[in-house]
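Throughout, protein chains are lettered first and strands after them, A, B, ... in sequence-line order, and every chain is numbered starting at 1. Because only heavy atoms are used, hydrogens play no part in the values below, and waters and symmetry mates are left out as well, while side chains stay in.
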2 protein chains.
Amino acid sequence: MTPRTPRPRERGIPEATVARLPVYLRALQALNERGTPTVSSEDLASVAGVNSAKLRKDLSHLGSYGTRGVGYDVDYLIYQISRELGLTQDWSVAIVGIGNLGRALANYGGFGTRGFRIAALLDADATVVGDKVAGLSVGHIDTLEAVVGEEAVSIGVIATPAAAAQGVCDRFVEAGVTSVLNFAPVVLNVPPGVDVRKVDLSIELQILAFHEQRKSDGHAGPEWAGPVEGPA
Amino acid sequence: MTPRTPRPRERGIPEATVARLPVYLRALQALNERGTPTVSSEDLASVAGVNSAKLRKDLSHLGSYGTRGVGYDVDYLIYQISRELGLTQDWSVAIVGIGNLGRALANYGGFGTRGFRIAALLDADATVVGDKVAGLSVGHIDTLEAVVGEEAVSIGVIATPAAAAQGVCDRFVEAGVTSVLNFAPVVLNVPPGVDVRKVDLSIELQILAFHEQRKSDGHAGPEWAGPVEGPA
DNA sequence: TAGATTGTTAATCGATTAACAATC
DNA sequence: TAGATTGTTAATCGATTAACAATC
């Protein structure tokens with residue numbers, strides 16, 4: 001009753017690969033702007049900051065888009081990665097919490113550019129509502145449900161204080177949003193089917209502090225494996 | 001009353017574990033504020049958003065800080081994780097690029113609180129230099145080397161436009177900074193021994209877009225094997 | 001063809017998870 | 001003791017890497 005894998009090309013791109021595709025895309029766009037028509041895995045990997053074996057393995061999950069002996073056509077690979085990432089359509093984004101961070105996000109180039117469209121900026125603070133930010137007028141948080149419905153928002157960005165984040169998230173989810181990007185330092189609870197990604201400054205700092213401490217700590221680099229031991 | 005840490009414990013905590021320790025720490029601090037004296041791996045895992053097997057495995061890399069049949073002492077575990085992460089000392093941080101993002105970072109609670117100290121805010125724009133942000137006066141980028149030396153800055157935060165990031169990074173590294181947190185959308189080149197962590201809004205958005213697309217795509221969940229494709 | 005470079009294989013490494021003996 | 005929960009084991013899963021046959 002269970003037919004086997006129906007397709008020759010097995011999909012299901014590994015999560016680690018998905019996380020690197022945007023990096024490759026950015027590197028390719030930089031090459032494209034410099035007018036480079038074609039690039040080898042070695043060169044692209046170097047620009048993207050990975051090794052070439054990993055790059056080729058990653059790209060092989062998308063299909064065979066290179067030419068042996070030649071490399072990859074930059075334009076074509078940009079298109080293929082964009083398509084795979086879902087950037088050939090526009091996703092509507094709503095940002096809640098228009099403090100410094102929300103403003104930084106709204107003004108961030110990455111949003112306006114291909115693939116995303118800011119549908120609304122919302123805040124709970126009446127003194128902020130009505131401000132012009134990145135060419136948009138800040139709306140009141142009470143309009144969240146209406147905006148999500150009318151503008152078909154599929155990605156909600158939370159840039160509120162920690163205490164408000166879960167409440168905003170619940171409202172997003174209830175209104176039909178299925179992807180959330182959370183900048184507030186809390187773990188959000190969401191039902192199955194909703195994706196949450198978290199960007200957390202203090203976690204990044206703490207990870208750096210850990211490694212920084214290791215560097216001082218007797219200066220044992222990444223290679224340190226414990227005391228000298230003889231063969232078993 | 002037994003000797004608590006009998007031996008130096010084999011070091012070399014897995015990277016994946018290090019990345020979760022800050023999450024556990026935050027969860028423990030929340031429990032602590034609610035006055036919870038003791039917590040089981042099951043409960044702590046639930047607050048931190050992981051499963052309990054992973055939590056116990058992670059904590060086992062630090063040592064045996066729990067009590068069978070009882071759980072973990074919240075205060076004690078906070079202390080042990082803080083120590084492991086290097087948060088029992090203060091790390092000096094300099095932030096370069098005091099636009100909206102830099103201001104958001106400077107005002108972010110996670111900085112001021114235990115473990116980190118903002119030593120300087122720097123910008124290249126003369127109209128920004130002298131501004132008061134988070135109680136500090138913004139300095140000129142030309143003072144970077146002096147500030148890093150005098151304030152013993154060990155973590156550099158880059159919140160500049162992409163085009164300026166590598167140059168600022170080089171100056172940090174040359175001045176002796178060995179950890180960099182980069183918010184600019186570029187891959188930074190650093191010599192061995194320097195750690196770079198990257199926070200990249202547009203990458204996070206693109207990863208969400210990928211999963212969002214999969215949800216629409218015939219609603220096939222993780223198993224979807226792709227559309228029919230033509231011959232190569 | 002000869003040289004270059006991909007796409008794939010297979011080995012290795014690291015992370016996750018369930019299960020349970022140890023032990024409070 | 002009896003119940004609860006840790007810390008560890010071992011199986012599994014997923015990611016990385018080097019090497020090279022395929023092939024442009």
Which whole-number value in Å describes the distance from A:Leu55 CG to D:dA19 C1'? 17 Å
Just jot down the side-chain hydrogen bond (donor to acceptor under 3.5 Å, both in side chains) partners of A:Ser154, sequence neighbours excluded, or say none. none
Using whole Å, report how far NZ of A:Lys54 lies from P of C:dT6. 17 Å
Distance (rounded to the nearest 0.5 Å) between B:Ile81 CD1 and B:Thr88 OG1: 13.0 Å
Where along residues 22-52 of chain B does a heavy atom come under 4.0 Å from DNA chain D, residue by residue in number order? B:Ser40, B:Ser41
Using a heavy-atom cut-off of under 4.0 Å over every strand shown, decide if A:Ala53 touches base, sugar-phosphate, or nothing. base
Choose from C:dA15, D:dT17, C:dA19 the nucleotide whose nearest atom is closest to any side-chain atom of B:Glu15. C:dA15
By salt bridge (charged side-chain N to carboxylate O under 4.0 Å, His left out), which residues pair with A:Asp200, not counting sequence neighbours? B:Arg26
Taking atom C1' of D:dT9 as reference, at what distance in whole Å does atom NE2 of B:His61 sit? 12 Å
Bracket string, DNA chain C, 5' to 3' - pairs by Watson-Crick or G-U geometry under 3.5 Å, | interstrand: ..||||||||||||||||||||||
Please identify each residue that fulfils side-chain hydrogen bond (donor to acceptor under 3.5 Å, both in side chains) with B:Thr160, with sequence neighbours left out. none
Taking atom CZ of A:Phe210 and atom CG of B:Leu21, what is their separation to the nearest 0.5 Å? 7.5 Å
For A:Arg20, salt bridge (charged side-chain N to carboxylate O under 4.0 Å, His left out) partners two or more places apart: A:Asp58
Can you tell me which nucleotide in C:dC20, C:dG7, D:dT17 comes closest to the side chain of B:Arg56? C:dC20
Rounded to the nearest Å, what distance is computed from the CG atom of residue B:Asp73 to the P atom of nucleotide D:dT6? 13 Å
For the pair made of NZ in A:Lys57 and P in D:dA19, what is the distance, rounded to whole Å? 16 Å
In whole angstroms, how far is the C1' atom of D:dT6 from the CD atom of B:Gln80? 16 Å
Residues passing the ring pair (Phe, Tyr, Trp, His ring centres under 6.0 Å) test with A:Tyr65, sequence neighbours excluded, are A:Tyr76
State whether A:Arg20 places a side-chain N or O below 4.0 Å from either non-bridging phosphate oxygen (OP1 or OP2) of D:dT16. yes
Indicate yes or no for a side-chain donor-acceptor contact from A:Gln213 to the backbone of B:Glu84 under 3.5 Å, with no hydrogens or angles considered. yes
Between the protein and nucleotides 22-24 of chain C, which nitrogen or oxygen pairs come in under 3.5 angstrom?
{"residue": "C:dA22", "atom": "N3", "partner": "B:Arg68", "partner atom": "NE", "Å": "2.9"}
{"residue": "C:dT23", "atom": "O4'", "partner": "B:Arg68", "partner atom": "NE", "Å": "3.4"}
{"residue": "C:dC24", "atom": "O4'", "partner": "B:Arg68", "partner atom": "O", "Å": "3.4"}
{"residue": "C:dC24", "atom": "O2", "partner": "B:Arg68", "partner atom": "O", "Å": "3.3"}

side-chain hydrogen bond (donor to acceptor under 3.5 Å, both in side chains) filter on B:Glu42, not counting sequence neighbours, yields B:Ser52
Not counting sequence neighbours, which residues clear side-chain contact (heavy atoms from CB on, under 4.5 Å) with B:Ala119? List them please. B:Ser92, B:Arg117, B:Glu151, B:Val153
For B:Glu174, all residues meeting side-chain hydrogen bond (donor to acceptor under 3.5 Å, both in side chains), sequence neighbours excluded: none
Report yes if a side-chain nitrogen or oxygen of A:Tyr72 is closer than 4.0 Å to either non-bridging phosphate oxygen (OP1 or OP2) of C:dG7; otherwise report no. yes
Just how far, in rounded Å, is P of D:dT17 from CG of A:Asp58? 11 Å
Taking salt bridge (charged side-chain N to carboxylate O under 4.0 Å, His left out) as the cut-off, I'd like each qualifying pair that reaches into residues 187-196 of chain B, sequence neighbours left out, listed once. A:Lys215-B:Asp195
